[in-house]
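Notes for the one structure printed next.
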Amino acid sequence: MINLNGTLVKTSEATIAISNRGMQYGDAVFETLKISAGKILFWEDHYFRLMASMRILRMEIPQTFTLEFLESEILKTLDLEESKTHRVKLLVWRDAEGKYTPLDNKVGYSISSEILDAPFYTLNEEPYEVELYKDHYVMSSLLSTLKTTNKVINVVGSIWAKENDYQNCLMINDKKQVIEALNGNLFLVKNGRIKTPPLTDGCLKGIIRKQILAILTAVPDYIIEEESISPFELQKADELFITNVITGIQPITKYRKKEYGNTVAKELLGKLNAKARFQ
């Protein structure tokens, strides 16, 4: 089932207008959510990121769009058997006529889902090789930190990775700094220091990025740095890992000739699972 502006419809019968601005101009934002045992993981963080994104894009936020309302809309869309884990996409678009200039700023929304296997985060220790994606750059701007439907660079980058037998690619901004992977934030570990690019470099304002930074503030063994990452640093790192809300933490095993361990990633994954469980 699809939740389309509050109405549940069969997936095969769900339709939107050809003039939908999310399709025509990428004028939409979304949240990808993981739901386990009937609970939306880190829901408050997702909600407030969505509200901030809508404000930045000057969308009109309906008075009904409360934390409780959207949570209930999400949950009513699902088959909430406790044994099932879901991946949910909450999509909000500007629902208006017009070309580049919309005639108003009202919004529409949809909620769709699919079943996942694992109810908690597990560590994938299979080979996971990455390469730099250099065909196109991400702008180091506020808009790049938002989850909008304007993700063409992620799409063509993913195709390039598949064509060249890589599991993922690392993206570069207009200043030639490494900012993130195609599907998540990047962390670099070197000699007890854990580094991730700052939002000012244009990386996604990731939910799991936020959780990992919070976890690390309580771990005295590591020094946390939100600083730019040069491509030259990648082969000097002890570990590289990617974070997103569905996978949790994905260790990178190889970049060019350098192979990496996953000791820190494994430690943080256990702490992330604990945080998700007791949030």
Side-chain angles (χ1 to χ4, degrees), residues 1-16 20 22-23 26-54 57 59 61-62 64-95 107-122 124 145-151 154-155 158 181-185 204-211 242-250 272-273 275-279:
M1 300 294 284
I2 301 287
N3 186 327
L4 191 57
N5 292 315
T7 301
L8 295 181
V9 296
K10 293 180 179 179
T11 302
S12 59
E13 298 175 1
T15 60
I16 57 173
N20 181 281
M23 180 176 69
D27 191 5
V29 293
F30 68 95
E31 291 291 326
T32 303
L33 311 166
K34 185 168 185 175
I35 298 172
S36 179
K39 181 174 70 174
I40 308 172
L41 302 188
F42 310 115
W43 169 232
E44 285 194 5
D45 289 324
H46 280 288
Y47 174 78
F48 288 116
R49 183 174 68 172
L50 177 64
M51 294 300 105
S53 298
M54 291 175 68
L57 295 185
M59 292 178 173
I61 300 176
T64 56
F65 265 35
T66 63
L67 182 79
E68 296 77 16
F69 170 77
L70 287 178
E71 180 178 21
S72 66
E73 286 296 296
I74 292 164
L75 295 180
K76 85 175 187 182
T77 310
L78 308 178
D79 176 2
L80 286 180
E81 290 183 23
E82 289 215 351
S83 60
K84 291 185 178 179
T85 303
H86 296 82
R87 174 189 183 129
V88 168
K89 185 170 187 176
L90 168 58
L91 177 66
V92 179
W93 60 86
R94 199 184 320 264
D95 194 12
V107 299
Y109 68 93
S110 67
I111 301 167
S112 56
S113 69
E114 59 186 89
I115 301 295
L116 297 175
D117 293 328
F120 48 85
Y121 295 122
T122 59
N124 175 17
T145 70
L146 309 182
K147 292 201 73 166
T148 71
T149 52
N150 188 355
K151 293 293 183 183
N154 302 73
V155 172
S158 297
L182 292 166
N183 64 345
N185 292 105
L204 179 70
K205 190 177 181 181
I207 298 301
I208 301 301
R209 175 186 185 274
K210 179 180 178 180
Q211 309 310 318
I242 300 163
T243 63
N244 66 48
V245 76
I246 300 301
T247 303
I249 298 176
Q250 171 60 60
L272 180 63
N273 273 318
K275 192 171 188 189
R277 181 180 178 185
F278 296 111
Q279 62 174 327

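The figures that follow rest on heavy atoms only: side chains count, while hydrogens, waters and symmetry mates do not.
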message: Surrounding NZ of Lys205 (heavy atoms of other residues, nucleotides or ligands, distance under 6.0 Å), is the total greater than 12?
response: no
- request: Please name the pair of heavy atoms, one in Ala14 and one in Val9, separated by the smallest distance, quoted to 0.1 Å.
  value: CB-CG2, 3.7 Å
query: Would you say the side-chain atoms of Asn185 pair up with the backbone N or O of Leu204, donor to acceptor, closer than 3.5 Å?
result: yes
Side-chain ion pair, Arg49 and Glu31, N-O less than 4.0 Å: yes
query: Are a donor atom and an acceptor atom from the side chains of Gln250 and Asn183 found within less than 3.5 Å of each other?
result: no
query: Heavy atoms, side chains only, cut-off 4.5 Å: are Val92 and Leu50 in contact?
result: yes
query: Looking at side-chain heavy atoms only, is the closest gap between Lys34 and Leu41 below 4.5 Å?
result: yes
message: I'd like to know if the side chain of Asn5 reaches the main chain of Gly108, judged simply by a donor and an acceptor atom lying under 3.5 Å from each other, with no hydrogens or angles considered.
response: no
- prompt: Just wondering, are more than 12 heavy atoms of other shown residues or ligands nearer than 6.0 Å to NZ in Lys275?
  reply: yes
- line: dist Ile74:CD1 -> Ser113:OG (nearest 0.5 Å) comes out at 10.5 Å
- request: Give a yes or no answer on whether the side chain of Lys84 reaches the backbone of Ala37 with a donor-acceptor pair at less than 3.5 Å.
  value: no
- prompt: Under the 3.5 angstrom rule, does the side chain of Thr247 hit a backbone N or O of Ile249 as a donor-acceptor pair?
  reply: no
- request: Rounded to the nearest 0.5 Å, what's the gap from CZ on Arg277 to OH on Tyr121? Could you check?
  value: 15.0 Å
query: Is the shortest heavy-atom distance from the side chain of Glu73 to the side chain of Tyr109 under 4.5 Å?
result: yes
- line: Shortest non-hydrogen pair, Thr149 vs Gly22, comes out as OG1-O, 3.6 Å
- prompt: Do any N or O atoms from the side chain of Arg94 and from the backbone of Leu57 form a donor-acceptor pair under 3.5 angstrom?
  reply: yes
message: What's the separation between atom CG in Leu33 and atom CD1 in Ile207, rounded to the nearest 0.5 Å?
response: 9.0 Å
message: When you compare the side chain of Met1 with that of Lys10, does any pair of heavy atoms fall below 4.5 Å?
response: yes
- prompt: For the ring pair Tyr47 and Phe65, is the centre-to-centre distance below 6.0 Å?
  reply: no
query: What is the distance from atom CD1 of Ile2 to atom OG1 of Thr15, rounded to the nearest 0.5 Å?
result: 11.5 Å
